[in-house]
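Encoded as structure tokens, the structure appears first; notes follow it.
Quick caveat, the model's predicted, so the values are computed rather than measured.
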Amino acid sequence: MSPDDRPGDAAPDGFHAPRQSGAARRRRKKQRAAAAADPTGPRAPRNRSSGPHKERVPDARRVARDALVRIEEDGAYANLALGSILERSALDARDRGLATELVYGTTRMRRACDWLVDRFVTGGRTLDVATRATLRLGAYQVVFLAQPPHAAVGTAVDVAPTRSRGLVNAVLRKVAADHAEHGRRFPDRATALSYPDWVVARLDADLGEERATAALEAMSTASAPDVRDDGYTQDRASQWVAALVEAAPGERVLDACAAPGGKATALAGAGAYVAAADVRPARARLVADNATRTETAERVGAVVADGTRPPFPAAAFDRVLVDAPCSGLGVLHRRPDARWRVEPDAVDRLAALQLDLVLAAADLVRPGGLLVVSVCTLTAAETTGVDEEVAARRPDLAPLPPPGDPWVPWGRGALLLPQAAGTDGMALHRYRLPA
Ligand SMILES: C[S@@+](CC[C@H](N)C(=O)[O-])C[C@H]1O[C@@H](n2cnc3c(N)ncnc32)[C@H](O)[C@@H]1O
């Protein structure tokens, strides 16, 4: 996994846009070379617009189909794939909205859509990427958008590759007929919710089935972006975390994992002097850019530093925030494709890193100061699990009571479930250093 692809790192807050990873670019190049060398293999991306519709002005569904092909074929991020195709299209605002809904919704519900169509693909036939994308799109419209079947099937056939129009028509008609007769039905919860098995199993075990289901359902709906008074786009959960640091004007605060700078700029906006550190130089530059844009640059010092080996003197800060890299299982609604990218072993690997970051940060807080730890995930390993280790190794750190509703108590900290207030899911621990 490339740095740009790390879970929990790439929240689309702020003014910046994330880039496609180097790995994705390399993969794409390799696929093109392989397709060119093997004419019987999968279609090369350059051919994807061939066929009788090549010259047509793209409509929302065609744009959506093309974006879904790019996401699947090139490993492109959904927002970037769609963004670049929309940029070149002549769609008006309404059709852009429709294309976005189709791409994001179909990407989220990919597993469910595959199950809906695969029952009716006979003879063990392997589907090419464009045909599968078209079938997913059609199934999504019929089953999840409840569009009139004849219209949904007709438009899917219209954007299908010529060679598979008959198949798309036949399969989607069966999907529509089955849906009309039985409604939505799936073989298991993970397919119905459209997440990888391991994500559902992990959240079931950690949150209980009822909370996990509601959280997973909430993260299949789009979240409304919130724009701060200074123009910075930041989810309300992150704004609350920054406020819970309770930084006062003139205080020295360290944000040990700061990029892209959402919380650092909020802390500086409250009047604190903020050392905003991040281990990745490119991301540290984002912090500086965002400080300039929010007019907090005179109180934000962006620093490249590894939080596990921080280059600051002991007890140098009144408050330290560790907004740690995490598996991102509380913010899966932000990126529709994120649920398919997170890897199961990320949870334990990141929990170990979080513990190192928290223990190193604790040494930087002055006597009587505050250490705040947040993660945008919901796993026990990365929340209560890390805190249990902290309790064992730093019994001198006194946990503060959890904030009230919509937060709920979670071990010695607090949890904000994505279904509680329509925000990101977050976990928070706050510790007072002995005076
Ligand atoms: C969840 S993001 C932080 C979001 C940020 N606090 C905000 O509100 O905009 C986690 C950040 O931790 C950084 N990071 C990862 N490992 C780190 C380390 N060892 N030391 C410092 N930063 C690290 C990542 O580059 C990423 O930018």
Side-chain angles (χ1 to χ4, degrees), residues 5-12 71 77-79 100-116 136 139-140 143-146 183-225 235-238 326-348 350-351 374-385 406-408 410-411 414-428:
D5 209 8
R6 282 183 206 165
D9 281 6
I71 294 163
Y77 288 118
N79 58 336
T100 304
E101 179 175 2
L102 292 175
V103 172
Y104 285 14
T106 304
T107 301
R108 288 190 183 101
M109 302 316 289
R110 188 179 93 184
R111 180 174 179 178
C113 290
D114 279 346
W115 186 82
L116 290 168
R136 285 175 178 164
Y140 179 72
V143 173
F144 294 103
L145 296 186
R184 280 186 209 170
R185 55 175 185 164
F186 294 97
D188 53 64
R189 246 173 88 244
T191 306
L193 291 163
S194 197
Y195 284 88
D197 287 335
W198 78 268
V199 171
V200 177
R202 187 120 205 178
L203 293 190
D204 277 356
D206 292 354
L207 301 175
E209 196 175 306
E210 198 178 319
R211 273 179 166 177
T213 303
L216 292 165
E217 283 174 351
M219 290 189 288
S220 281
T221 59
S223 63
D235 188 82
R236 282 176 301 145
S238 283
C326 67
S327 61
L329 295 191
V331 290
L332 294 175
H333 53 298
R334 301 263 212 122
R335 293 254 174 81
D337 44 353
R339 69 187 66 186
W340 310 118
R341 293 181 185 277
V342 190
E343 290 161 8
D345 65 0
V347 172
D348 294 331
L350 288 162
S374 58
V375 281
C376 58
T377 194
L378 308 171
T379 67
E382 297 170 273
T383 56
T384 48
W407 298 85
V408 290
W410 185 240
L415 190 66
L416 179 62
L417 289 159
Q419 63 267 37
T423 65
D424 288 353
M426 306 273 295
L428 177 82

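- Taking OG of Ser374 as the reference point, atom CG of Asp424 lies at 11.0 Å (rounded to 0.5 Å).
- No side-chain heavy atom of Val199 sits under 4.5 Å from any side-chain heavy atom of Val342.
- Side chain to side chain, Arg108 and Ser194 fail the donor-acceptor criterion of an N or O pair below 3.5 Å.
- Taking Trp410 as the reference, nothing meets the ring pair (Phe, Tyr, Trp, His ring centres under 6.0 Å) condition, with sequence neighbours excluded.
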Handout entry: Asp337/Arg110 under salt bridge (charged side-chain N to carboxylate O under 4.0 Å, His left out): CA gap, chis, key distance, verdict
Key = CA-CA 9 Å; Asp337 44 353; Arg110 188 179 93 184; over 6 Å; no

Practice task
Decide salt bridge (charged side-chain N to carboxylate O under 4.0 Å, His left out) for Arg202 and Asp348; before the verdict, give the C-alpha distance in whole Å, the side-chain angles of both, and the deciding distance to 0.1 Å.
Solution key: CA-CA 12 Å; Arg202 187 120 205 178; Asp348 294 331; 3.4 Å; yes

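- Between Phe144 and Phe186, the two ring planes are parallel [angle under 30°; tilted spans 30° to 60°].
- Between atom CE of residue Met426 and atom OG1 of residue Thr377 there is a gap of 10.5 Å, rounded to the nearest 0.5 Å.
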Problem - side chain to side chain donor-acceptor pair (under 3.5 Å) between Thr191 and Asp188, intermediate numbers included - result: CA-CA 6 Å; Thr191 306; Asp188 53 64; 2.7 Å; yes

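- A distance-only check finds a donor-acceptor pair linking the side chain of Thr221 to the backbone of Ala218 [under 3.5 Å].
- In this structure, Leu332 and Tyr195 have side chains that are in contact, with non-hydrogen atoms separated by less than 4.5 Å.
- With sequence neighbours excluded, the residues satisfying side-chain hydrogen bond (donor to acceptor under 3.5 Å, both in side chains) with Arg136 are Glu72, Asp114.
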Problem - Verdict with supporting geometry, Arg334 and Asp235, side chain to side chain contact (heavy atoms under 4.5 Å, CB included) - result: CA-CA 10 Å; Arg334 301 263 212 122; Asp235 188 82; 3.8 Å; yes

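- Side-chain contact of Thr379 with Glu382: a donor-acceptor pair under 3.5 Å is present, judged by distance alone.
- Atom-to-atom distance recorded for Gln419:CD and Glu210:CD is 9.5 Å, nearest 0.5 angstrom.
- Between Gly425 and Pro418, the shortest heavy-atom contact is CA-CD, 3.9 Å.
- The line from CG of Asp204 to CZ of Arg211 is 13.0 Å long, rounded to the nearest 0.5 Å.
- Between Met109 and Ser220, the closest side-chain pair of non-hydrogen atoms falls below 4.5 Å.
- With Leu378 as the partner, the side chain to side chain contact (heavy atoms under 4.5 Å, CB included) test is satisfied by one option alone out of Leu207, Val331, Thr383, Asp206: Leu207.
- In this structure, the separation between CG on Leu416 and OG on Ser238 is 9.5 Å, given to the nearest 0.5 Å.
- Cation-pi geometry between Arg335 and Tyr77 is met: under 6.0 angstrom from the ring centre, within 45 degrees of the axis.
- The side-chain heavy atoms of Leu116 and Arg184, taken from C-beta on, include no pair separated by under 4.5 Å.
- In terms of heavy atoms, Ala427 sits closest to Leu415 at CB-CD1, 4.0 Å.
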